[in-house]
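Just the heavy atoms: all of them, side chains too, but no hydrogens, waters or symmetry mates, feed the values below. The chains referred to below are lettered A, B, ... by the order of the sequence lines, with proteins before strands, and numbering in each begins at 1.
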There are 2 protein chains.
Amino acid sequence: MPGSAAIELASPANRTQITRALLRLRELILSGEFAPGERLSELPLVERLGVSRTPLRLAFTALEHEGLLRGLPGGGYVVRGFTEADLRDAIELRGVLEGTAARFAAQRGSGRDQLRTLRTINDAIEELVHQADYESFENYVELNERFHAQLLALAHSPMLDRALDGIVSLPFAGPSAAFVFTEAELPESRDVLIVAHYHHRAMIEAIARREGARAEAIAREHALLALRNLEIVLSHREVLEQLPGARLIALRPSATEPLT
Amino acid sequence: MPGSAAIELASPANRTQITRALLRLRELILSGEFAPGERLSELPLVERLGVSRTPLRLAFTALEHEGLLRGLPGGGYVVRGFTEADLRDAIELRGVLEGTAARFAAQRGSGRDQLRTLRTINDAIEELVHQADYESFENYVELNERFHAQLLALAHSPMLDRALDGIVSLPFAGPSAAFVFTEAELPESRDVLIVAHYHHRAMIEAIARREGARAEAIAREHALLALRNLEIVLSHREVLEQLPGARLIALRPSATEPLT
DNA sequence: GCGCCCAAGGCTGCATGCAACTCAGTACTA
DNA sequence: TAGTACTGAGTTGCATGCAGCCTTGGGCGC
């Protein structure tokens with residue numbers, strides 16, 4: 001579940017009623033339990049989630065800032081829907097921001113051992129790229145997330161962390177979200193992983209050589225790879241269903257099943 | 001007060017107790033009433049703001065997401081401080097995102113009349129650039145904000161809006177924040193306005209010609225202008241005081257007044 | 001004298017009652 | 001028939017009481 005661990009913000013302590021409500025509610029929304037635009041009333045959810053209205057409201061506001069809910073002028077919240085254009089923009093924005101992270105990393109080039117960590121992660125990825133079993137894939141996703149997290153760490157910019165959080169918290173915009181289709185063993189899957197791994201290597205090289213502009217360009221192109229994945233997913237409806245929050249996406253009429 | 005109107009999010013209706021608490025509390029924080037790292041307790045603020053604990057807490061969470069407060073693991077909130085590096089990064093990130101907005105505008109080039117609106121705003125700015133009185137300056141700031149808002153509108157990207165909101169909501173990162181020093185009539189002020197206006201014109205031209213890369217580069221450089229302003233402000237402590245949220249900034253020792 | 005433990009105060013997390021607001025449906029009037 | 005005003009249900013906004021947590025200070029034991 002990408003993005004679920006993104007905005008923890010741990011404002012009040014964890015394992016509170018707020019956290020309970022937040023996790024459960026986010027799960028319900030991403031599972032498509034509510035239709036986009038549907039209003040979420042407090043009282044029905046109170047008994048459904050087993051928390052009282054106060055923490056539930058705080059969970060609402062958290063989800064609003066996270067982008068999954070939208071506040072109504074007269075009070076109350078509705079589930080937010082996304083268009084295909086939103087998905088594309090979110091992914092491209094992630095590319096822009098990760099590109100900035102890569103550039104910062106190259107320009108500032110502080111942590112020598114931090115860069116080594118990045119290399120270590122990527123070496124581990126290399127061993128998985130050519131494997132086809134499901135477990136390897138799960139490991140790949142895990143390592144891929146760590147790679148991107150480490151890249152961000154190399155940038156040494158809390159402000160950049162914040163900005164990227166706002167994008168990655170969306171269910172489909174994380175660095176691994178679009179890989180879901182690989183699970184379905186679509187034929188295009190293998191090559192994408194190889195290219196992605198090449199991007200990682202090139203990025204590391206550019207950062208090590210302090211080639212900021214190149215590092216930025218590669219990171220952007222790397223995200224566009226996810227965009228390509230998304231196009232594939234959008235054209236395979238049976239795979240799309242596995243994408244978290246798929247029910248929140250308003251498909252273009254052309255991609256929609258005919259009205260029966 | 002840049003950024004104060006940024007995240008309205010109008011979640012619950014306006015003119016509520018939450019809004020009252022939010023506006024007043026933000027004002028108090030930006031005015032430097034609380035030191036960075038200082039803990040904000042609910043009860044003292046309840047009597048000070050005249051609202052009860054419930055809306056106050058919601059205001060806390062809003063300010064946390066806005067970036068002015070930080071939640072403690074054990075509960076409670078502290079005022080967040082910023083380093084000079086944070087300021088620089090925030091401004092540079094605004095440049096990156098506004099650059100993306102300009103590129104989107106160039107690539108998508110939808111609204112012909114929207115672009116005309118941008119031109120109209122900039123024509124109005126042109127008449128003010130060479131005036132020196134205070135009223136003109138206020139109008140300039142107003143028009144400058146509108147220019148940047150309109151540029152964002154041209155991008156037609158709600159996701160981009162969101163990302164930029166997260167940056168601009170910071171008190172010193174808005175497109176006009178660094179212009180405060182002009183009020184103090186520092187000698188460098190005039191030329192900056194002229195260059196900024198040139199950037200605006202070049203941006204419009206690039207967008208009209210669908211030159212995405214150029215539009216992006218100009219917008220980035222345009223933000224770096226604010227960065228230069230910031231450097232000037234940071235070296236004039238008497239002007240710095242006028243920057244909203246100045247008391248939240250941890251100055252480098254070199255720029256700090258000697259320990260007396 | 002130093003360190004640990006205990007207790008008390010203060011603070012936040014949570015639940016719930018009350019009030020005000022919004023919206024929908026209906027009936028009445030022009 | 002169309003428009004308006006009213007009423008009612010449902011919902012959210014707000015305040016406050018209570019309970020549990022963390023912190024801090026003092027006292028006691030080693």
Once you round it to whole Å, what is the distance between P of C:dG13 and CG of A:Leu22? 15 Å
Tell me whether B:Arg57 forms a cation-pi arrangement with B:Phe60, defined as NZ or CZ under 6.0 Å from the six-membered ring centre and within 45 degrees of its axis. no
To the nearest Å, give me how far apart CD (B:Glu38) and P (C:dC11) are. 13 Å
How would you label the contact of A:Leu40 with the nucleic acid (heavy atoms, under 4.0 Å): base, sugar-phosphate, or nothing? sugar-phosphate
Under 3.5 Å, is there a donor-acceptor pair between the side chain of B:Arg247 and the main chain of B:Ala35? no
Check whether B:Asp86 reaches the backbone of B:Thr83 with its side chain - one donor and one acceptor, N or O, closer than 3.5 Å. yes
For C:dA15, does OP1 or OP2 lie under 4.0 Å from any side-chain N or O of A:Ser52? yes
Given 3.5 Å as the limit, does a donor-acceptor pair link the side chain of B:Gln150 with the main chain of B:Gln114, or not? yes
Could you tell me the separation between the CD atom of A:Gln17 and the P atom of C:dG13, rounded to a whole number of Å? 12 Å
Through what angle, rounded to 10 degrees, does the axis of the helix from C:dG1-D:dC30 to C:dA30-D:dT1 turn between its ends, using five pairs per end? 10°
Of the options C:dG17, C:dC14, C:dT12, whose atoms approach the side-chain atoms of B:Ser41 most closely? C:dT12
Would you compute the distance between atom CG of A:Leu69 and atom OG1 of A:Thr61 and round it to the nearest 0.5 angstrom? 9.5 Å
Measure CG/B:Leu43 against C1'/C:dT12 and give the value in whole Å, please. 9 Å
Rounded to whole angstroms, how far apart are CG on B:Leu69 and P on C:dT12? 13 Å
If only atom types and distance count, is the side chain of A:Glu92 paired as donor or acceptor with the main-chain N or O of A:Asp89 below 3.5 Å? no
Scan B:Thr54 against the nucleic acid and name what it touches under 4.0 Å (heavy atoms): base, sugar-phosphate only, or nothing. base
Please pick, from D:dT12, D:dT16, C:dA15, the nucleotide with the shortest atom-to-atom distance to any side-chain atom of A:Pro55. C:dA15
Proximity to the side chain of A:Arg53 - top-ranked nucleotide from D:dT12, D:dA15, C:dC14: D:dT12
Are A:Ser169 and A:Glu66 close enough that a side-chain donor and a side-chain acceptor fall under 3.5 Å? no
Rounded distance in Å - CD (B:Glu42) to P (D:dG17): 15 Å
Nearest-Å distance, CG (A:Leu72) to C1' (C:dT22)? 11 Å
Report the residue (B:Arg39 or A:Gly50) whose heavy-atom-nearest nucleotide on DNA chain C is the more 5′ of the two. B:Arg39
Phosphate-side-chain proximity, B:Arg57 and C:dT12, N/O vs OP1/OP2 below 4.0 Å: no
Provide, to the nearest angstrom, the distance between the CG atom belonging to B:Leu49 and the C1' atom belonging to D:dC14. 15 Å
